[in-house]
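Input: a single structure, listed below in structure tokens.
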Number of protein chains: 2
Amino acid sequence: MTPLESPSRRELNKAATRESIVEATVQLARERGLGEFTVEDIADAAGVSRRTFFNYFSSADEALAAPTFGFLDAALERFRDRPRGEPLLESAIQILLALADNKLIEPMAQSFLVSHGHDPVTRFQLQAFDECSDKIVAAIREREGDTLDAIYVHSLAGCVMSCGKAALEVWLAERGGDLSPSSLSRLRELLVTSFEHLKSGFKTS
Amino acid sequence: MTPLESPSRRELNKAATRESIVEATVQLARERGLGEFTVEDIADAAGVSRRTFFNYFSSADEALAAPTFGFLDAALERFRDRPRGEPLLESAIQILLALADNKLIEPMAQSFLVSHGHDPVTRFQLQAFDECSDKIVAAIREREGDTLDAIYVHSLAGCVMSCGKAALEVWLAERGGDLSPSSLSRLRELLVTSFEHLKSGFKTS
DNA sequence: TCTCAAGTTTGCACTCAGTGCAAAGTTGCA
DNA sequence: TGCAACTTTGCACTGAGTGCAAACTTGAGA
């Protein structure tokens, strides 16, 4: 009922189980390669039953994409905390710059790298971005009321996600998930550049 | 070897088989609802064996998303035919305005409507948009050489797809797939508005 | 026209994903 | 302490997805 107030033992247990399933899945994917293990293997490695795995995730692919959902949920949470008057693109870039230093980026980068080119996992990651875009639309609505056109809000939310995703992809291609300070600083640079282009309407200056 | 020159009987047969599978799938989804039929049902309705279904598609969900892939492939083909000097956003809007009147939009609209809120199919549709974005990146590279930054090209391609997708989603929500001339004209209006916002950097004028 | 190589469909058998259900185990609260 | 609510597990079952080899179709040359 009050998951924010009281992380009860039950909730802690569930979170821990979930976490161990995700870790086991990523681990297996790194060791054996994608598609070279079964849900039973994951369950064994995570110390739960096969049936319990399916209580948490609908497939191994979904479990592999979990870090991406986690990262974007965190981003969205921060968006809700931004000051009301702040321009939307400003909120977005501030949040992403802060998150580029966050612990959450590591598991997401791992998950992207390990599942690169593997369509089933990629689809879940795309879904994470898409759901986040929808939630941004809802959050903007909350913040600004109904003063803005649906098409404006939807396009903007989609473009913000696209720019964030583009920066992430270019960074992963360039640095292969290196998490050193200089590499992360490059990620921030890519984010800034990408949003500059968005703000300027992609003029070829 | 020369699929464009000679649509041989073999190629025609394959295309027809593929088409009948997609039609059978959409039909079943409309009649019974998503998830209320098996691949065997589809195969029977399409007049092929279950095994043949899997020679064409990896799942019923993929078959349902086929029209989206088809639409975006057509869009991309047109992009490759645009004049070299034309600004990229101009190419995009011209192509989409033309396609908003094309036959291809109907099956895509159907497929979107029938699978609305059904995650597995949605994921395939998102993949279609994402792949198209990658192909746009490649096409821009071909057109402009390596004069542009990776982050510029990736962000731009992503934003173009986002704006197209946003217009489509708002239109479907407003009009529920009505394909009358006035409804299609509204779709074009949404596309134009969306791209105007993109070109102006989403200024709140 | 006949023939053969290459491409396509099909049936079969098999593994494993995913789910409903009920029994067993755990936690929260009075 | 004891009961109600929640979570895990085992079991059984349907159907997805795939490798393989046999049957069938098509294209092209003799």
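To find a chain, count down the sequence lines: A is the first, B the second, and so on, and within it residues start at 1. For the numbers below, each heavy atom of this structure counts, side chains included, while hydrogens, waters and symmetry mates do not.
Taking atom NZ of A/K14 as the reference point, atom P of D/dT7 lies 4 Å away to the nearest angstrom. One can place CG of B/L64 at 15 Å from C1' of D/dA16, the figure rounded to the nearest angstrom. For the pair A/R10 CZ and C/dG28 P, the interatomic distance rounds to 6 Å; values are reported in whole Å. Spacing between atom CG of A/D61 and atom C1' of D/dG17 amounts to 13 Å, rounded to whole angstrom units. For B/F54 and C/dA17, the CZ to C1' distance is 12 Å, given to the nearest whole Å. Atom CZ in B/F57 sits about 14 Å away from atom P in D/dT18, given to the nearest Å. What separates CD of A/E36 from C1' of D/dT18 is a distance of 14 Å, to the nearest Å. The distance from atom CZ of B/F53 to atom P of D/dG15 is 15 Å, rounded to the nearest whole Å.
Taking the side chain of B/R51 as heavy atoms from C-beta on, and the options D/dT18, D/dT26, D/dT9, the nearest nucleotide is D/dT18. Closest to the side chain of B/T17, out of D/dA16, D/dT25, C/dT9, is C/dT9. Taking only side-chain atoms of B/N55, from C-beta outward, the nucleotide of C/dT10, D/dT7, D/dG10 with the closest atom is C/dT10. Closest to the A/V39 side chain, of the nucleotides D/dT9, D/dG17, C/dA17, is C/dA17. For A/T52, the listed nucleotide lying nearest its side chain is D/dT9; candidates were C/dT19, D/dT9, C/dT9.
One finds no side-chain N or O of B/N13 lying less than 4.0 angstrom from the OP1 or OP2 phosphate oxygen of C/dT8. B/Y56 has a side-chain polar atom (N or O) that falls below the 4.0 Å cut-off from OP1 or OP2 of C/dT9.
A/R32 has a carboxylate O that lies under 4.0 Å from a charged side-chain N of A/D41, or vice versa, which qualifies the two as a salt bridge. Taking a cutoff of 4.0 Å between a charged side-chain nitrogen and a carboxylate oxygen, B/D101 and B/R188 qualify as a salt bridge. Salt bridge status for A/D44 with A/R50: absent, with no side-chain N to carboxylate O gap under 4.0 Å.
For a distance-only test at 3.5 Å, the side chain of B/R50 fails to qualify as a donor-acceptor partner of the base of D/dG15.
Judged by closest nucleotide on DNA chain D, A/S49 is the one of A/S49 and B/S58 placed further toward the 5' end.
Ring geometry, B/F202 versus B/H197: the interplanar angle falls under 30°, so the pair is classed parallel (tilted spans 30 to 60°).
The shortest distance between side-chain heavy atoms of A/T122 and A/F112 does not fall below 4.5 Å.
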